[in-house]
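Data block below; observations after.
Fair warning: this is a prediction, and the values are worked out from it, not measured in the lab. Note that ligands are numbered from 1 as they come in the structure, with each ligand's atoms numbered from 1 the same way.
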Amino acid sequence: QERLAGARRVAVLTGAGISKPSGIPTFRDAAGLWKDFDLEEYATPGAYARNPQKVWEWYAWRYQNVMQAQPNRAHALLAALEKRVGEGFLLVTQNVDGLHRRAGSSQLVELHGNLARGRCEGCGQRFSLPDPAEFVPPPYCPGCGGRGRPDVVWFGEMLPLGAFEQAEQAFVQAEVALVIGTSAEVEPAASLGRLARLSGAYLIEINPDPTPLSSWADCILRMGAVEGMEALMAGLN
Ligand code: OAD
């Protein structure tokens with residue numbers, strides 16, 4: 001808390017755990033998506049090439065779920081932290097649910113894309129999907145009419161241009177790095193916490209379960225994202 005109170009450069013990484021209290025499933029927990037869905041069938045370029053309709057239906061279902069969900073108190077407290085810290089703040093998320101922006105965060109990098117967008121397979125243009133109630137996949141590009149794919153990063157794909165570089169810079173420069181609700185198993189996102197620590201940041205992890213990052217952390221809040229953010233922000237004003 002003291003560290004956070006004085007810090008002018010704060011970098012935050014979030015994962016699926018922060019949206020779990022909003023009712024969005026994680027990937028690797030007991031009830032995680034990768035338990036019920038084989039990622040090789042839904043989240044690789046090969047899966048999409050083999051069966052675009054099946055992949056699209058899964059993404060349309062997830063899009064509908066996240067649009068029905070509401071940001072929770074942990075999302076809101078991160079938006080408040082951004083206001084407090086100012087320009088030295090960056091929030092990097094692996095989540096594709098859009099809940100951080102809906103909670104008011106704007107200094108935000110979405111490393112893995114966003115469920116509410118498509119991306120043209122022809123010209124590469126990104127575009128918003130129709131309202132989930134009206135959306136029948138696949139979408140078509142408003143520019144060239146080409147078929148759109150989900151604007152998310154699949155296994156084996158590159159991150160959006162510049163996104164990781166921006167994240168990396170913030171974590172290298174951070175005085176305090178905060179990593180919330182991620183299993184820290186997917187690279188390169190998982191490396192950000194280590195990078196910050198090696199660059200001299202004070203590293204805080206919020207996660208109810210241990211992760212490979214835990215041994216690197218200066219401070220561990222072994223609790224959910226909401227409770228952890230409330231504990232960190234209590235008394236900061
Ligand atoms: P995971 O499902 O791998 O990890 C979720 C983490 O959240 C676990 O470490 C849980 O212990 C933790 N957790 C559970 N409940 C929590 C709570 N209430 N508060 C805080 N933490 C809680 O999700 P990610 O680490 O985000 O990639 O997964 C990383 C990437 O792997 C995802 O972005 C996705 C996936 O495959 C792509 O789709 C490209």
>> For ligand 1 and Gln94, I'd like to know whether there is a polar contact (N/O to N/O, distance under 3.5 Å).
In response: yes
When rounded to the nearest 0.5 Å, the distance separating CZ of Phe37 from CZ of Arg62 is 9.5 Å
Cation-aromatic face contact Arg149/Trp56, 6.0 Å, 45 degrees: no
Report yes if Ile18 has an N/O atom closer than 3.5 Å to an N/O atom of ligand 1; otherwise report no. no
- Message: Below the 3.5 angstrom mark, is there an N/O of Ile206, backbone or side chain, next to an N/O of ligand 1?
- Response: no
(message) With the threshold set at under 4.0 angstrom, would you say Trp154 reaches ligand 1 through any of its heavy atoms?
(response) no
The answer for which part of Val186 has a heavy atom under 4.0 Å from ligand 1 is side chain
Q. With distance as the sole criterion, is a donor-acceptor pair present between the side chains of Tyr48 and Gln53 under 3.5 Å?
A. no
among protein heavy atoms, the one nearest atom 17 (C) of ligand 1 is Gly17 O, 3.3 Å
To the nearest 0.5 Å, atom CG of Asp29 lies from atom CG of Asp209 at 7.0 Å
of all protein heavy atoms, closest to atom 38 (O) of ligand 1 is Val153 O, 4.2 Å
If we number the atoms of ligand 1 from 1 as shown, the ones under 4.0 Å from a heavy atom of Trp34 are 35 (C), 36 (O)
If we number the atoms of ligand 1 from 1 as shown, the ones under 4.0 Å from a heavy atom of Phe27 are 2 (O), 23 (O), 28 (O), 32 (C), 34 (C), 35 (C)
Could you check whether Thr93 and Glu110, counting side-chain N and O atoms only, form a donor-acceptor pair closer than 3.5 Å?
no
Would you kindly say whether His100 and Thr14 are connected by a side-chain donor-acceptor distance under 3.5 Å?
yes
Check your understanding: Is a donor on one side and an acceptor on the other found under 3.5 Å between the side chain of Ser19 and the backbone of Ala16?
Key -> no
With heavy-atom distances below 4.5 Å as the criterion, would you say the side chains of Glu82 and Leu78 are in contact?
no
- Query: So does Arg194 pair up with Glu187, basic N to acidic O under 4.0 Å?
  - Reply: yes
Original post:
Hey, is ligand 1 close enough to Ala184 that some N/O pair sits below 3.5 Å?
Top reply: no
Is the shortest distance from a heavy atom of Pro208 to ligand 1 less than 4.0 Å? yes
Within 4.0 Å of some non-hydrogen atom of Phe155, the atoms of ligand 1 are 36 (O)
for atom 15 (N) of ligand 1, nearest protein heavy atom and its distance come out as Lys20 CD, 3.4 Å
Among Glu185, His112, Arg28, closest by heavy atom to atom 31 (O) of ligand 1 is Arg28
In ligand 1, the atoms that come under 4.0 Å of a heavy atom of Asn207 are 8 (C), 9 (O), 10 (C), 11 (O), 12 (C)
**Report entry** Asp209-ligand 1 polar pair, N/O distance under 3.5 Å
**Finding:** yes
Gly15 heavy atoms within 4.0 Å reach ligand 1 at atoms 26 (O)
If you scan protein heavy atoms around atom 19 (N) of ligand 1, the nearest is Ala225 N, 2.8 Å
Nearest non-hydrogen protein atom to atom 5 (C) of ligand 1, with distance, is Gly181 O, 3.7 Å
Looking only at protein heavy atoms, what sits closest to atom 25 (O) of ligand 1 is Thr182 OG1, 2.6 Å
For Gly224, the ligand 1 atoms with a heavy-atom partner under 4.0 Å come out as 17 (C), 18 (N), 19 (N)
Q. Where do Trp216 and Leu198 land on the side-chain contact (heavy atoms from CB on, under 4.5 Å) test, with the steps shown first?
A. CA-CA 9 Å; Trp216 292 73; Leu198 289 171; 3.7 Å; yes
- Query: Side-chain donor-acceptor pair under 3.5 Å between Ser183 and Thr211, yes or no?
  - Reply: no
Under 4.0 Å between a Lys/Arg side-chain N and an Asp/Glu carboxylate O for Asp218 and Arg197? yes
Give the intermediate values and the outcome of side-chain contact (heavy atoms from CB on, under 4.5 Å) for residues Arg8 and Val85.
CA-CA 6 Å; Arg8 291 171 160 248; Val85 176; 5.6 Å; no
Note: ligand 1 atoms sitting under 4.0 Å from heavy atoms of Ala16 are 23 (O), 24 (P), 26 (O)
When distances are taken from atom 10 (C) of ligand 1, the protein heavy atom at minimum range is Asp29 OD1, 3.5 Å
Nearest heavy-atom contact between Ile24 and Ala69 is CD1-CB, 3.7 Å
